[in-house]
Every structure is written in structure tokens, then in C-alpha cells.
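A, B, ... follow the sequence lines: proteins, then strands. Residue 1 opens every chain.
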There are 2 protein chains.
Amino acid sequence: MVSATGSARRSAGRPLNRVLSQETITRAALTLIESRGYEGLTMSSLARALKVAPSSLYNHVESKGDVLILVQDHVMTQVDVSGFESEPWEHAVRLFAWSYRDVFTRHTPLIPVIAVLPVSGAPQTLAVYEAVTRGFQKAGWPEPLIVPAIIALESFIFGSAFDATAPESIFESGQLAGQYPQFTAAVAARKDHADQRQADVAFGLGLDALILGLRARVAGDLR
Amino acid sequence: MVSATGSARRSAGRPLNRVLSQETITRAALTLIESRGYEGLTMSSLARALKVAPSSLYNHVESKGDVLILVQDHVMTQVDVSGFESEPWEHAVRLFAWSYRDVFTRHTPLIPVIAVLPVSGAPQTLAVYEAVTRGFQKAGWPEPLIVPAIIALESFIFGSAFDATAPESIFESGQLAGQYPQFTAAVAARKDHADQRQADVAFGLGLDALILGLRARVAGDLR
DNA sequence: ACCTGAACACCGTTCAAGT
DNA sequence: ACCTGAACACCGTTCAAGT
């Protein structure tokens, strides 16, 4: 019997023309993540989206972790590094950092993947690092400081991406307010930044501080 | 039949004295994580360690996520906030930040949990924030800036904890080196900091920059 | 080479039955 | 109130069989 609606099921055996590739898998995974989130991304759901049996995926990837690596590298193309070509260093860093954080706020489950993944298998990730490095070099940064500075920036960005997914009320002490009076007061005193999200205020503050502090360090090293 | 070695299996029905509590569960989970890591922590393994059926756990926690929340709050007691009582602000922040990062380097799977968890259910976490807040107040920080500054610091710390779990060789471009010459050069130029780990160099650089930048911002606000 | 379909060893969670 | 034991609906992954 063939399913009543939709197309007939493919029979076993090698099909006449290949139906899968790493690219179609990556694309389907991204679409699935956009519509159903990361909990919605399973090898089953991915296979279903591609109209294929789950076991077929293993002809093209070694594991689900492999799929996440493919997705990660593709997501990296969404990060805006254009500023490093034309803009002054500080402006370029700011543009880059906000863009990087915004992208990964939508993809926090990739952060544990990327943070530990060797760049050698991730060309788009390398392309981003290359562009950023050129920007730092153009601004006259001492070579040995560039990679540590990029890592520090990236660490701040990843942590901030997690923070950006937290509910606005995360710091309300609730019942325990009386036991922690100073923190409760500090939470209440946070400036009412109109409609700006608290996570954005913190990110802006930290980014300004990092930029200022890094710049001071470079000036010291070059003097 | 009773198992040949070890104690006999408990029969069904309410036992004479309670064998579980949130505290024993938390303790067992932490021991399990220390010995087998986070992949080794399953509801089954946890039950086995406590000599109990997996379903028994659900009399004390609502889900595995609940267990992670209990673990997270307990781990928070390992963070050193003692500096904020006696030391100058800058030294206290440094002590706190390194300690916080070191603790969560061993517990990165908790980061997505804590980053989104309302503090109202996490007394130890609140205790840490209270101590830090007092240190900032003592140093004369303007009240509305304290919470954003703590969040920024924490974001940098969490991101750096992930970075600290990465292999030392993560930035070697491998085959693709030729296509990304500037980044490859920058990686090669990283100072040889004797036996200091690259992650520690980056964390130290970023922490110094953040401290300097935050301090400058405060000075500006108070002027 | 690359697909299907059946199977496997897990997972977290639910719930009736028992004391 | 709080435990056991059986069951359920999933998970990722393996592998023989098919073309």
C-alpha cells in the first residue's frame, strides 16, 4: 500500500539520482531550527523534512554532532565583519560584536559546539577570524595580542548571547528579597532605559569597557 | 532471589524511614558528575547511586532539569566572594572572576541553566550576588550601574569558561592555513607565555580590560 | 554508492500497586 | 507519603538487504 496522500515512498536500494548531500542536510536543519527550535531538531525530524529514512543521513554525516558543526559554520556567515574593511577599528568592533551576539542569541545551543571546535574544519568560521584579524592589524595592533583579544571579545559575546535569552524578570528576588537587601536594591535601581532590554544595557556597558580597556593596553604596549 | 553480593533489594511500598531528599539527590549528583562527567549523569545512574528505582526520584524533583538547578545552586557555594569584604574593589573582582571561571570550567553544562534561571529559586546564587553588590557599593559605585556591570562580568566569565574547555590546538588552521594567512600568522605570533594556557592569557587580558574600562566609566559618571 | 527497514541500547517520565 | 516495577514515547545509531 502507498500512503493515501502525498508522494509514494521510495523503495529500498540506491536511488537513480542522489537525494542527499551535506548541503541539503544543512539547509533542512537550519529551516527546522528556525521553525521548531533546537528541541525540534532530531535525526528523525531532519529525515522527515528531507523525505528520507533516518538511517540515510548517516551516509553523509557521522553523527548528530556533525550536523551541528555544519549548521554552526553556516550560521557564521550571518556575522557582519564588513566594518573591518572600511571603518575605524572601534566602530568595526562594535558592529561586529553586536551582530555576532545577535546571531548567537538565536543559536545558543551551538555555543558549546563552536567554543570547543577546531577551526580547521570550519571554513566560514576561519573567514570571520581572518577578516577580524586584518582589521586589528590595520589598526596597528601588536601581533601577539591579536588572538587573545579576539578570544576575550568572543567569550564576552557568547556569554552575553546566553544572557540575552533570559527573561527580563530573571533578577527579581521574590520571596527572598528580605534576605538579600543590597542586591534587591541594586536591581530596583537599574536605570529605566525606556524600552531598551536589560541584556542590551549590560552588553553595551561591557562592550564599551572592553574596547576602552583593550585600547589602553595596546597604547601601553606600543609606547 | 536476592542479589548474590551487596544488600537485598527493597520491596515496594513506603519504606519505614525516608531514603531520599533533595539534599541527598544533590550530593549524589555532584559525586556522579565529578567521577563520570555530565554525560554520566542520567536519572538511571543517579537512582543507582542512591540505591533506588529511577521513578522514586520523581517524588522529590519534577524533572532532570530540576536536578541541574539543585546542582547549580550548590556549585555556586564554591565561588570565592571573600575578597569583597576586605580587599580593594579591583583585587576583589579579580579574585572573584578567576574563581567563578574556574568553578564553571568544570561545570559548563550548567551555564545554559544558570544564565536563564530566575534567581528567586536559587538562594546560594543570590548570596553570591549580594556579596558582590556590597563590594561594589563599598567602592562607591553608582547604584544603577551595579547590576549591568555584574551581568557584563558574568557574561565574560561564562564565555571564558567554555573557552577554557577547548583544546590548546583549537586555532590551528591545518590544511586551510594558506587561505587565511593573516589569522594564521596571528595565531603563530601568540606570545609563548611559558606554561600559561592560552585560555588563561585571553581571560587575563579581557578581565584587565573590563576592569579598566568599567572603572573609567564610573569615574566619568561620578565626575 | 546510497537508500530502506528493522533492530538495539539507551533516555526521561508516568502511573498503578504496594505499605 | 514515598517506594517499586512495568510501561510508554521518544532518542541516536547500526547494519543487513536491496538496487
Point to revise | Residues which pass side-chain contact (heavy atoms from CB on, under 4.5 Å) with E168(A), listed by chain and number, not counting sequence neighbours | key: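 R197(A), Q198(A).
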Practice item. Only counting residues at least two apart or in another chain, list the ones meeting side-chain contact (heavy atoms from CB on, under 4.5 Å) with L70(B). Key: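 By the side-chain contact (heavy atoms from CB on, under 4.5 Å) rule, L70(B) matches Q22(B), T26(B), V61(B).
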Practice item. Write out all pairs satisfying side-chain hydrogen bond (donor to acceptor under 3.5 Å, both in side chains) with one or both partners inside residues 148-161 of chain B, taking only residues at least two apart or from two chains. Key: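 side-chain hydrogen bond (donor to acceptor under 3.5 Å, both in side chains) check on residues 148-161 of chain B returns Y100(B)-E154(B), Y129(B)-E154(B).
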Check your understanding: Got a sec, which pairs hit side-chain hydrogen bond (donor to acceptor under 3.5 Å, both in side chains) with one end in residues 103-112 of chain B, sequence neighbours left out?
Key ->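 The answer is Y38(B)-H107(B).
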Check your understanding: Looking across every strand, which nucleic acid part, if any, lies under 4.0 Å from L16(A) by heavy atom: base, sugar-phosphate, or nothing?
Key ->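 L16(A): no heavy atom of the nucleic acid under 4.0 Å.
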**Study point:** Test ring pair (Phe, Tyr, Trp, His ring centres under 6.0 Å) applied to F136(B) - qualifying residues, sequence neighbours left out
**Key:**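 Only W89(B), W141(B) meet the ring pair (Phe, Tyr, Trp, His ring centres under 6.0 Å) criterion with F136(B).
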Round to a whole Å and report the spacing from [atom1] of [X] to [atom2] of [N].
X: N59(B); N: dC3(D); atom1: CG; atom2: P; answer: 6 Å
X: K51(B); N: dT4(D); atom1: NZ; atom2: P; answer: 13 Å
X: L20(B); N: dA1(D); atom1: CG; atom2: P; answer: 16 Å

Point to revise | With sequence neighbours excluded, residues passing salt bridge (charged side-chain N to carboxylate O under 4.0 Å, His left out) with E23(A) | key: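 E23(A): salt bridge (charged side-chain N to carboxylate O under 4.0 Å, His left out) contacts with R27(A).
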**Study point:** Residues in salt bridge (charged side-chain N to carboxylate O under 4.0 Å, His left out) contact with R18(A), at least two apart in sequence or another chain
**Key:**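 Partners of R18(A) under the salt bridge (charged side-chain N to carboxylate O under 4.0 Å, His left out) test: none.
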Exercise for review: State whether H60(B) places a side-chain N or O below 4.0 Å from either non-bridging phosphate oxygen (OP1 or OP2) of dA1(D).
Suggested key: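 H60(B) to dA1(D) OP1/OP2: no side-chain N or O under 4.0 Å.
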Check your understanding: Any side-chain N or O of R10(A) under 4.0 Å from OP1/OP2 of dC3(C)?
Key ->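 No, because none of the side-chain N or O atoms of R10(A) sits under 4.0 Å from OP1 or OP2 of dC3(C).
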Check your understanding: What one-letter contact string describes nucleotides 9-19 of chain C from 5' to 3', where B marks a base within less than 4.0 Å of any protein heavy atom, S marks contact via sugar-phosphate atoms alone, and - marks no contact?
Key -> --SSBBB--BB
Check your understanding: Tell me, what's DNA chain C's dot-bracket, Watson-Crick or G-U with both distances under 3.5 Å, | for other-strand, [ ] crossing?
Key -> ||.|||||...|||||.||
Practice item. Mark yes when over 12 heavy atoms from residues, nucleotides or ligands other than Q78(B) sit less than 6.0 Å from its CD; otherwise mark no. Key: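 Yes, enclosed.
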